[in-house]
There are 2 protein chains.
Amino acid sequence: MPFESRRRARDEKREAVLRTAVALFLEQGYHGTTLNHVAERLNITKPALYNYFRGKDEILYECWAIGADHVDERIDDIAATGGTGLEKLRKLIVSYAETMTTDYGKSLVRFDVRDLTEHNRKIVGLAKKKIDQAFRDYIGQGIKDGSIRPCDVKLSAFAIAGSLNWIGHWYQPGGALEAEAIAKEFAIRLTEGLAIKSIRKKADKPPIRKRKSRGVSG
Amino acid sequence: MPFESRRRARDEKREAVLRTAVALFLEQGYHGTTLNHVAERLNITKPALYNYFRGKDEILYECWAIGADHVDERIDDIAATGGTGLEKLRKLIVSYAETMTTDYGKSLVRFDVRDLTEHNRKIVGLAKKKIDQAFRDYIGQGIKDGSIRPCDVKLSAFAIAGSLNWIGHWYQPGGALEAEAIAKEFAIRLTEGLAIKSIRKKADKPPIRKRKSRGVSG
DNA sequence: ACTTTTTATTACCCGTGGGTAATATACGGA
DNA sequence: TCCGTATATTACCCACGGGTAATAAAAAGT
């Protein structure tokens, strides 16, 4: 079956280009990375890249699309799930945080939409909107079902998304903190102020007992 | 006194260039903005800019420096103040959030350090480190003095800084939310999970009392 | 009014880097 | 072995934009 194997070989190369490109874009910045750099690291020459992509901005767009798709899938998963708004929100936080520790996830927050074509910029804009909307929806649901205390939905969504997006700027594999651990920790920490039932982890160093540590929340 | 008036006139023009440049950099992106654009908006020509700046990257650096100075001053103010770690942390959040609603503040998070010279990049790096350190210090102090419950200082600082930095990406004057209001809201919201004594605002619909909200942490 | 200094303009340079045309090489199929 | 297709290379184009040299206009000093 040469059809298939050939097609697969092609796709693998395409992916290799993307992996290399996104890594370089993150290392050196999109404008600091030339197509020659990308090609060089792949041990090919620049024009060879044009067998797989229409141009530099399309490569950038594909990175973005992969990251967005990744989150999108998880959103669909969560939407299909049951549970309170708070539970859904926590799931989304975990998924999004984990995505932010990957190169393609970082694409979502480290690159500039203005480097895309008008057309692709719109697509990216919609994807971002969907993600933002998911955060707001779950917070809104949580307020309705009583799992989240009343608050400004928009502002809360911004606050949470901001923390998560920031992960894409500071996280690097091999650091002190593992991706999964970060995700779990953030899911709790970012919803502490919102949740009606407090769920302190045992893992936390228990607060010093001397102090009159009164009950949490009003 | 032509000495002074002349000097002032020059400084005013310099500032005008910076204001125009930072606005354009934010609108169109640093790489999407040419010096011709900047000059055009000021009704002068490109080479005239070189009377005030050595080059494009120096303009970028100055924007950054103004933003960083702004935060730095507030940090020094706060350091001179008394109060618990939590109080200091809240003050810092307010100051930082407000800074993030200004053009120069946005510079701190919207531009890429890699567009600076090696030298300036180091300076910026130090300034950022100082800000990050302030967040960590205050959280650490808060834990010591009992105003903040024990937690991972680094991670908490990241979470807070992330939310605040994100403001620089979504805030635009004239929106539904006023800068000061955002700052105050964030100061509360971002410390809700950390604070030992909860300070729910009366403005919020009070949380439903039915639930057995047990004491904090194990 | 004349000179000097500052500030601005016109005209130009040129490195960079995305993108392309022409061409060679490797590979699958008959 | 030959052909066709896919993939790669070499050599090149050229628009863009940061930066500069030469020069003019404006303002300050005397």
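Residue numbers begin at 1 in each chain, while the letters A, B, ... track the order of the sequences.
- To the nearest angstrom, P of dG18(D) lies 10 Å from CG of Leu49(B).
- Rounded to whole angstrom, the span from the CD1 atom of Ile59(B) across to the C1' atom of dG19(D) amounts to 12 Å.
- Residue pairs meeting the salt bridge (charged side-chain N to carboxylate O under 4.0 Å, His left out) criterion with at least one member in residues 159-171 of chain B, sequence neighbours excluded, do not occur.
- Shown for residues 111-119 of chain A: no residue has heavy atoms falling under 4.0 angstrom of DNA chain D.
- The six-membered or imidazole ring of Tyr30(A) lies away from that of Phe111(A), with a centre-to-centre distance of 6.0 Å or more.
- Annotation: salt bridge (charged side-chain N to carboxylate O under 4.0 Å, His left out) contacts involving residues 168-183 of chain B, sequence neighbours excluded, comprise Glu180(B)-Lys184(B).
- Of the candidate nucleotides dT9(D), dT7(C), dG18(D), dG18(D) has the atom nearest to the side chain of Thr34(B).
- Rounded to the nearest 0.5 angstrom, Ile143(B) CD1 and Arg149(B) CZ are separated by 11.0 Å.
- As judged by a 4.0 angstrom heavy-atom cut-off over every strand, Tyr52(B) is placed among residues touching the sugar-phosphate backbone only.
- For residues 56-68 of chain B, the salt bridge (charged side-chain N to carboxylate O under 4.0 Å, His left out) pairs, not counting sequence neighbours, are Arg14(B)-Glu62(B).
- dG18(C) atom P lies 9 Å from atom NE2 of His37(A), rounded to whole Å.
- Side-chain proximity of Asn51(B) to dT9(D), dT7(D), dT7(C): nearest is dT7(C).
- One interatomic measurement links the two molecules: CG of Asn43(A) to C1' of dT7(D), which rounds to 16 Å at whole-angstrom precision.
- The distance from atom CD1 of Ile131(B) to atom CG of Asn165(B), rounded to the nearest 0.5 Å, is 8.5 Å.
- A ring-centre distance under 6.0 Å is not found for Phe158(B) and Trp166(A).
- Under the side-chain contact (heavy atoms from CB on, under 4.5 Å) criterion, Asn36(B) pairs with Thr34(B), Lys46(B), sequence neighbours left out.
- Shown are Lys128(A), Lys129(A), Arg136(A); of these, the salt bridge (Lys or Arg N to Asp or Glu O under 4.0 Å) with Asp132(A) is made only by Arg136(A).
- For the pair Asn36(B) CG and dT9(C) P, the computed distance is 12 Å after rounding to whole Å.
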Enumerate all atom pairs, one protein N or O and one N or O from nucleotides 19-25 of chain C, separated by less than 3.5 Å.
from, atom 1, to, atom 2, distance (Å)
dG19(C), OP2, Tyr50(A), OH, 3.0
dG19(C), OP2, Lys56(A), N, 2.9
dG19(C), O5', Tyr50(A), OH, 3.3
dG19(C), N7, Lys46(A), NZ, 3.0
dG19(C), O6, Lys46(A), NZ, 2.7

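- For the pair Glu40(A) CD and dT9(D) C1', the computed distance is 15 Å after rounding to whole Å.
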